[in-house]
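Numbered from 1 within each chain, the chains take letters A, B, ... in sequence-line order.
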Amino acid sequence: MSIPRPAADPRPVIVAENLQGHYAGFVSRFAGFAADSGVSTCLFLAGLAATTFALGVITGHTVSWSRTSPIVFAVYVVWLFIYYAYSWGAFSRTVGMALLGVRVVRADGDGLGPRRAVIRTLAFPFSFVLGLGFLPVLLRQDRRALHDLVAGTAVVYSWDARGARLRSLAHK
Amino acid sequence: MHTGAHYHLRRVKARHGAGTYRGAVDPLDGLRFARKRVNGSLETLAHDIAERLIDLLLDAVDLNAVLREIDVNALIERVDVNRVLDRVDVNRVLDRVDVDRLLGHVDVDRLLGHVDVGRVLDRVDIGALVDRVDVNAVVSRVDMDSLVQETDLGAVIAKSSGSVASNALDVVRSQAVGLDTFTARWVGRVWRHRHPGPPGPPKLVRERAQP
């Protein structure tokens with residue numbers, strides 16, 4: 001006698017179960033990073049413009065910055081470090097990650113903490129070397145990149161997919 | 001033909017021998033024997049007379065008239081019903097009762113009409129009844145999608161959930177998660193992941209599993 005197989009769930013995977021706490025996939029993480037790049041850059045440029053304006057007012061001279069200026073680049077790197085480290089340490093997520101509904105946690109699921117946030121931020125740039133640091137996100141079943149493995153962190157979904165579906169049904 | 005005395009003599013002779021039968025004959029034995037014969041005949045006669053008398057009496061007496069004179073209620077009052085019932089084997093009586101036929105005669109609707117349902121419910125411990133209900137199992141059987149679409153719950157959610165921006169975010173996130181799933185499935189096929197692996201960090205997945 002064959003064992004009857006359960007009927008296939010016709011609902012899409014994203015709503016067949018609530019994904020909160022599940023490892024986030026490559027596309028969500030990459031889209032979050034893209035959003036963070038835009039946000040951080042915009043904020044940097046806004047800050048730079050404000051600083052330039054303020055310096056112009058204070059000194060009475062027009063101040064301009066070159067894109068290739070090492071000072072600007074160094075300030076930009078420091079700004080990115082602060083942006084990511086503070087966001088991860090204080091909120092477990094950046095602006096881009098919040099938009100995409102993901103957050104950073106420790107590998108066992110606990111909160112991140114400032115120390116691990118700093119370690120993660122320091123290891124983050126190394127994942128961009130040939131993009132190899134992000135390959136484990138595709139290949140590993142826990143979706144952890146190089147900087148996650150170094151810092152002992154993981155990225156998980158934090159939004160309620162089922163609730164979103166109910167809201168969409170309610171608005172139909 | 002042997003008479004009773006001749007038979008008696010033969011017995012004495014057999015017991016004591018032929019030479020002694022004259023000395024063993026009790027003169028009173030003859031009288032006793034005769035008396036027995038007379039008594040037997042008298043008894044038979046008396047029995048016959050009694051039967052005949054009874055028949056005559058029964059023919060002469062109007063039993064119905066006699067019974068009409070009897071106060072049955074007084075008679076019954078003198079009967080100790082408990083003693084009578086003690087002698088009744090109730091189990092044997094019940095064994096002879098066809099319960100199905102008996103129940104077939106019961107009009108259940110009329111019977112229920114006499115039942116005060118309110119009083120029955122007053123005796124029900126609702127708390128104990130609810131304690132036996134597995135609420136999680138009941139809720140898990142609720143089709144939330146239909147509930148939202150077909151009831152006012154959807155309107156409540158729509159009013160409370162807010163803006164176009166949050167809806168747009170939901171759409172973007174849904175699309176991203178869909179692409180995540182698609183990518184993971186294809187990479188899994190290429191890389192031949194045999195087992196899906198844990199869905200998330202142990203503490204988060206365990207917390208979600210617990211109600």
Side-chain angles (χ1 to χ4, degrees), chain A residues 10-32 34-35 97-111 135 137-144 152-172, chain B residues 140 142-210:
Chain A
R11 295 174 296 171
V13 172
I14 57 170
V15 295
E17 54 179 312
N18 190 344
L19 294 176
Q20 280 181 307
H22 289 207
Y23 293 117
F26 180 82
V27 175
S28 292
R29 295 181 62 165
F30 182 78
M97 294 172 83
L99 288 173
L100 270 295
V102 297
R103 65 185 175 106
V104 183
V105 296
R106 287 170 59 175
D108 57 359
D110 277 341
L135 266 183
V137 177
L138 285 169
L139 303 178
R140 288 175 63 94
Q141 292 182 345
D142 59 4
R143 309 279 181 253
R144 295 169 72 191
T153 60
V155 178
V156 298
Y157 294 112
S158 64
W159 73 298
D160 183 1
R162 185 178 294 165
R165 174 170 175 76
L166 294 178
R167 286 192 292 274
S168 70
L169 287 174
H171 282 100
K172 279 185 180 173
Chain B
S140 68
V142 173
D143 183 351
M144 289 300 295
D145 292 353
S146 298
L147 190 68
V148 169
Q149 282 187 302
E150 296 171 16
T151 66
D152 290 339
L153 183 61
V156 171
I157 293 173
K159 281 182 189 174
S160 64
S161 61
S163 55
V164 174
S166 64
N167 293 335
L169 266 181
D170 287 340
V171 170
V172 170
R173 289 169 179 173
S174 298
Q175 295 297 322
V177 170
L179 288 171
D180 286 337
T181 308
F182 176 81
T183 308
R185 190 183 309 130
W186 279 100
V187 169
R189 285 182 185 175
V190 169
W191 214 246
R192 294 186 185 171
H193 284 152
R194 297 196 179 194
H195 303 287
K203 288 187 180 179
L204 294 179
V205 172
R206 188 171 60 244
E207 281 174 7
R208 295 294 301 166
Q210 290 172 358

Item to check | Validation row: B:Asp170, A:Trp159 side chains within 4.5 angstrom (heavy atoms) | outcome: yes
Checklist entry - Does any non-hydrogen side-chain atom of A:Leu138 lie less than 4.5 Å from one of B:Thr183? => result yes
Of all the heavy-atom pairs spanning [X] and [Y], show the shortest one and how long it is.
{"X": "A:Val105", "Y": "B:Pro201", "answer": "CG2-CG, 4.2 Å"}
{"X": "A:Gly109", "Y": "B:Lys203", "answer": "CA-CB, 4.4 Å"}
{"X": "B:Arg173", "Y": "A:Ala98", "answer": "NH2-O, 2.8 Å"}

Next on the checklist: Return the CG to OG1 distance between A:Leu19 and B:Thr181, rounded to the nearest 0.5 Å.
Outcome noted: 7.0 Å
Checklist entry - Out of curiosity, A:Tyr157 OH to B:Asp180 CG, how far, rounded to the nearest 0.5 Å? => result 3.5 Å
Checklist outcome for this item: Cut-off 4.5 Å, heavy atoms of chain B, and the answer for A:Ala31 is neither
Checklist entry - Side chain, backbone, both or neither: which part of A:Asp108 has a non-hydrogen atom closer than 4.5 Å to chain B? => result both
